[in-house]
Amino acid sequence: MSKAANNDVIEKIISLSKRRGFVFQSSEIYGGLNGCWDYGPHGVELLKNIKEEWWKFMTYREDVEGLDASILMHPKVWEASGHVENFTDPMVDCKQCKSRFRLDVLSDQVNEKKKKKAVEALKESLKENAVLVNKIDSINSGADENENFEKLLTDQETGTYLLAELNCPMCGNKGTFTAARQFNLMFKTFIGPVEDSGAVVYLRPETAQGIYVNFLNVQGASRQKLPFGIAQIGKAFRNEINTKNFLFRTREFEQMEMQFFVKPADDKKWYDYWKAERLNWYTSLGMTGVKLRYHDHPKDKLAHYAKEATDIEYQFPFGWGEIEGIHNRTNFDLNRHEEYSGKSLKYFDEESKEKFVPFIIETSAGASRSFMAFLVDAYYEEEVNGEQRSVLKFHQKLAPVKAAILPLVNKDGMPEIARGIEKDLRRNFKVFYDDKGAIGRRYRRQDEIGTPYCITIDTQTLEDKTVTVRERDSMNQVRVSNDKLSEYLLKKLND
RNA sequence: GCGGCAGUAAUUCAGUGGUAGAAUGUCAGCUUCCCAAGCUGGACGUCGCGGGUUCAAGUCCCGUCUGCCGCUCCA
């Protein structure tokens, strides 16, 4: 498929999402908010179904417990996790050659002669501003010249001017740097209504830490023994540099995470187990197998906490993209929390009489990314009798509406019977009643939102109390007795 | 964050500086016995937002926001 055609598909899905109520742009009437999206009536239903299937798959088993931790956590959590340190480097870009530098790294790459020259030029350009010149002299009075330079460069006031005097180490051009920016990827807010820096807290950038700090609480309360896991679904927030590709990269997103605590010696076994299980989950819900793959992280690219890592990637129209990460996080996180909290997070193994900090195998799925993958994967355009139909072939467990009830015509008592069936089915299923327009049009409306079954009341219904059930993908119809409908649907939907 | 393209009805898109349009969808009614059929009627526009030029701006200029694409980033 050509690039243009690929973009068309995403455009069509975005358009359908808005038109039929899956996804709207956040704050649209105010011009939108970058990278934020709202889930409409069908979207919230689809998302809820995805989360529910994940929850059942991951926690309806003996060795995994659930948890719902607070989004706001003690700020020390993020010092222990490494997020405060790793998320806050000031960076500059070269506008000429597009290279990006951490400010402290850039400082190291400038030789001493050049540093002196740059500072001279800086003072010359600022000679009318006595306050800043004083500040420069004051910073420059330090013993270590390299350190002085780094301070000048990282200072908000002097840094901007000093950058203009420097050449890019990559392309050699002068004055091509953007202003230094703090790349703080964590959202900061304040506990209490007064914006005092002593009360800074962060919106969690991942749900995992809520699980780690509750490790012994859950273990004790649930009387679990190793190996066991803790699962959680919840929102997380990252101040991404740029958002992209519809729901794929957003600043507010939802994670479905499970942290599995194991004996260090068993880590490889469980890593392999969950790696296989998690891919199975996607295919079991109808996602196209050949559009899924693992992307194993090479050893030299691993995150600071990981011993082994893989991504499950889906082939989106714009390319392969990560929808889930599986990591062996070792005992890094629990060790750090022991260190920062001063509390023991060791586990005592009754059999071996050993006391140790468990290793953690993490499965971290993006709910919003899964949503997009399931949506894109389900989208088909087909030709039926020379006419085109667009259809979302969702797995029946994910479909936002399970069945539509359609009186063939609005007379002869059909609407009354249809309303009766609707009332009966609505107790157990998300159903939709539609008597507007020709039957073909109504079928297509349901195809477009992925409703797996359409129930039609016709003349024969008046005679023998049966209705037709039309299946979305094949468009085949079978006659089912009115009083067997509920049972019939239940069986089909649980297949 | 840099560069390119775009933004007009719910959607897709026309629109030459001079009265804002089409198709689809949607709603009401009629018709309709199975896959976007037909007829009649109706509703829906801060032309993304803010400035500027002009007698006059959807149209030209500047800024900004949002989206898409490429780079970059994604501990």
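A note on names: the letters A, B, ... follow the listed sequences, proteins ahead of strands, and every chain is numbered from 1.
In terms of polar N and O atoms assigned as donor or acceptor, the side chain of A:Gln477 comes within less than 3.5 Å of the base of B:C34 in a complementary pairing. A:Tyr443 contributes a side-chain N or O that forms a donor-acceptor pair with the base of B:C34 under 3.5 Å. Counting distance only, with no hydrogens placed and no angle test, the side-chain atoms of A:Arg470 and the base atoms of B:C34 include no donor-acceptor pair under 3.5 Å.
The gap from the P atom of B:C2 to that of B:A20 amounts to 38 Å, rounded to the nearest Å. One C1' atom belongs to B:U12, the other to B:G45, and the distance between them is 16 Å to the nearest Å. For the P atom pair drawn from B:U19 and B:C27, the interatomic distance equals 34 Å after rounding to whole Å. B:C62 and B:G42: their P atoms are spaced 44 Å apart (whole Å). If you take atom P in B:G51 and the same atom in B:G70, they sit 35 Å apart, rounded to whole Å. Straight-line distance between the C1' atoms of B:C73 and B:A57: roughly 40 Å, to the nearest whole Å. Comparing B:C60 with B:U24, their P atoms sit 30 Å apart, to the nearest whole Å. B:C68 and B:C30 have their P atoms separated by 44 Å, with the value rounded to a whole Å.
Straight-line distance from the CD atom of A:Glu448 to the P atom of B:C35: 19 Å, rounded to whole Å.
Contact annotation: A:Asn245 reaches the phosphate of B:C69 (side-chain N/O to OP1 or OP2, under 4.0 Å). For B:A37, one of the phosphate oxygens OP1 or OP2 lies less than 4.0 angstrom from a side-chain nitrogen or oxygen of A:Arg441.
At a threshold of 4.5 Å between non-hydrogen side-chain atoms, the residues A:Leu375 and A:Leu392 count as touching. A:Asn335 places none of its side-chain heavy atoms less than 4.5 Å from the side chain of A:Thr330.
With RNA chain B read from its 5' end, the first of the two nearest nucleotides for A:Arg389 and A:Cys36 is the one closest to A:Arg389. Projected onto RNA chain B by closest heavy-atom contact, A:Leu33 and A:Ser390 fall at different nucleotides, the more 5' of which corresponds to A:Ser390.
Judged as a side chain to side chain donor-acceptor pair (under 3.5 Å), not a single pair has a partner in residues 37-48 of chain A (not counting sequence neighbours). Residue pairs meeting the side chain to side chain donor-acceptor pair (under 3.5 Å) criterion with at least one partner in residues 369-381 of chain A, sequence neighbours excluded, are A:Lys12-A:Glu381, A:Thr288-A:Asp377, A:Tyr314-A:Asp377, A:Tyr379-A:Glu381. Every pair passing side chain to side chain donor-acceptor pair (under 3.5 Å) that includes a residue from residues 415-424 of chain A is listed here, sequence neighbours excluded: A:Arg419-A:Glu422, A:Glu422-A:Arg426, A:Asp424-A:Arg427.
Nucleotide B:U26: paired with B:G42 (Watson-Crick or G-U wobble, both distances less than 3.5 Å). For B:C74, there is no paired base (Watson-Crick or G-U wobble, both distances below 3.5 Å). The pairing partner recorded for B:C5 is B:G67, the criterion being a Watson-Crick or G-U wobble arrangement whose two distances lie under 3.5 angstrom. The base-pairing partner of B:C13, taking Watson-Crick or G-U wobble contacts with both distances under 3.5 Å, is B:G21. Partner assigned to B:G50 is B:C62, using Watson-Crick or G-U wobble distances below 3.5 angstrom.
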Report each atom pair, protein N/O against N/O of nucleotides 10-15 of chain B, whose distance is under 3.5 angstrom.
{"from": "B:A10", "atom 1": "O3'", "to": "A:Lys18", "atom 2": "NZ", "distance (Å)": "3.4"}
{"from": "B:U11", "atom 1": "OP1", "to": "A:Lys18", "atom 2": "NZ", "distance (Å)": "2.7"}
{"from": "B:U11", "atom 1": "O3'", "to": "A:Ser15", "atom 2": "OG", "distance (Å)": "3.1"}
{"from": "B:U11", "atom 1": "O2'", "to": "A:Ser15", "atom 2": "OG", "distance (Å)": "3.2"}

Contact list (N/O, under 3.5 angstrom) for nucleotides 28-32 of chain B vs protein:
{"from": "B:U32", "atom 1": "O4", "to": "A:Asn410", "atom 2": "N", "distance (Å)": "3.4"}

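Comparing B:C73, B:A75, B:C35 by their closest approach to the side chain of A:Arg249 singles out B:C73.
Using a 4.0 Å heavy-atom distance criterion, A:Asn34 is classed as a sugar-phosphate-only contact. Within the nucleic acid shown, A:Gln388 comes within 4.0 Å of at least one base atom, counting heavy atoms only. Nucleic acid contact for A:Ile29: base, since at least one base atom lies under 4.0 Å from a heavy atom of the residue. Note on A:Phe246: only backbone sugar-phosphate atoms sit closer than 4.0 angstrom, heavy atoms only; bases stay farther off. Residue A:Gly321 is out of contact with every strand shown, counting any heavy-atom pair closer than 4.0 Å. Nucleic acid contact for A:Asn476: none, since no nucleic acid atom lies under 4.0 Å from a heavy atom of the residue.
The main-chain N or O of A:Asp434 is found under 3.5 Å from a side-chain atom of A:Arg442 such that the two form a donor-acceptor pair.
With 3.5 Å as the limit, one finds a donor-acceptor pair spanning the side chains of A:Asp464 and A:Thr466. No side-chain donor-acceptor contact under 3.5 Å links A:His83 and A:Gln209. A donor-acceptor pair shorter than 3.5 Å can be found between the side chains of A:Gln259 and A:Tyr212.
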Please tabulate, for the side chains in residues 70-79 of chain A, all donor-acceptor contacts under 3.5 angstrom to protein atoms that are two or more places apart in sequence or on a different chain.
{"from": "A:Ser70", "atom 1": "OG", "to": "A:Leu72", "atom 2": "N", "distance (Å)": "3.3"}
{"from": "A:Ser70", "atom 1": "OG", "to": "A:Leu72", "atom 2": "O", "distance (Å)": "2.9"}
{"from": "A:His74", "atom 1": "ND1", "to": "A:Lys76", "atom 2": "N", "distance (Å)": "3.0"}

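Aromatic ring orientation, A:His327 versus A:His297: perpendicular (interplanar angle above 60°, classes split at 30° and 60°).
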